[in-house]
Amino acid sequence: MSLKRFGVSLEEEILESLDQYVIDNGFSNRSQAIRFLIEKNVAERKWQCNNVVAGTIIVMYDRNRKEISSRIATIQQSYTDVILSSSQFYLNQNFCLHQVTVTGTAFRLTELSDKLTTIKGIKHGKLVMSRAD
């Protein structure tokens, strides 16, 4: 894919914010940051349009609460059409990181994520999606 150049005019405050965003996120230059932000916006719009996306759902929980892993397994059985893989990582004696790799419509993935992340006892949960086309 060839790159195209174009000019952008920004107010000084916005340019300063962009430069700080470049520094904070480790981008090599403004162009890389702008490309990232545009791609992120396009992906988020696709989620709203319910296009096919791919992503990962992570949940962190107390591994000593066996009912949580059982509940995760029960929920996942209803979503085998979108689940590519599921893994558990025991971070220490107390915490488990559960990762689910998924692909499907944004609505379906969000639905699954909501069910997993709202299980009583989940310490943290998040869905990250990107366009899959």
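The figures here come from the full heavy-atom set of this structure, side chains too, leaving out hydrogens, waters and symmetry mates.
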Asker: Would you call Asp62 and Lys123 a salt bridge, using N to O less than 4.0 angstrom?
Answerer: no
Asker: Given side chains that start at C-beta, do those of Tyr61 and Arg65 come closer than 4.5 Å, heavy atoms only?
Answerer: no
Asker: Under 3.5 Å, is there a donor-acceptor pair between the side chain of Ser113 and the main chain of Leu109?
Answerer: no
Asker: So, do Ser2 and Lys4 sit near enough that their side-chain heavy atoms are less than 4.5 Å apart?
Answerer: yes
Asker: A side-chain contact here means heavy atoms from C-beta on lying under 4.5 Å apart; do Thr56 and Val100 qualify?
Answerer: no
Asker: How would you list, by chain and number, every residue that makes a side chain to side chain donor-acceptor pair (under 3.5 Å) with Gln20, sequence neighbours excluded?
Answerer: Asp24
Asker: To the nearest 0.5 angstrom, please state how far the OG1 atom of Thr117 sits from the CE atom of Met60.
Answerer: 14.0 Å
Asker: Is Leu112 reachable from Ile58 through a run of hydrophobic residues whose side-chain heavy atoms are each under 4.5 Å from the next?
Answerer: no
Asker: Any link between Val59 and Leu91 through a network of hydrophobic side chains (Ile, Leu, Val, Met, Phe, Trp, Tyr) touching at under 4.5 Å?
Answerer: no
Asker: Is Gln93 atom CD crowded by more than 12 heavy atoms from other residues, nucleotides or ligands, each under 6.0 Å away?
Answerer: no
Asker: Any side-chain donor-acceptor pair under 3.5 Å between Ser86 and Gln76?
Answerer: yes
Asker: Please answer: with hydrophobic residues joined when any side-chain heavy atoms are less than 4.5 Å apart, are Leu127 and Leu97 in the same cluster?
Answerer: no
Asker: Keeping Thr103 on the side-chain end and Val53 on the backbone end, is there a donor-acceptor pair under 3.5 Å?
Answerer: yes
Asker: Side chain of Arg35, backbone of Arg30: donor and acceptor closer than 3.5 Å?
Answerer: no
Asker: Under 4.5 Å between any side-chain heavy atoms of Glu111 and Asp114, yes or no?
Answerer: no
Asker: Between Arg108 and Thr105, is there a side-chain heavy-atom distance shorter than 4.5 Å?
Answerer: yes
Asker: Could you pull out all residues at least two apart from Tyr21 that satisfy ring-ring contact (aromatic ring centres under 6.0 Å, His included)?
Answerer: Phe27
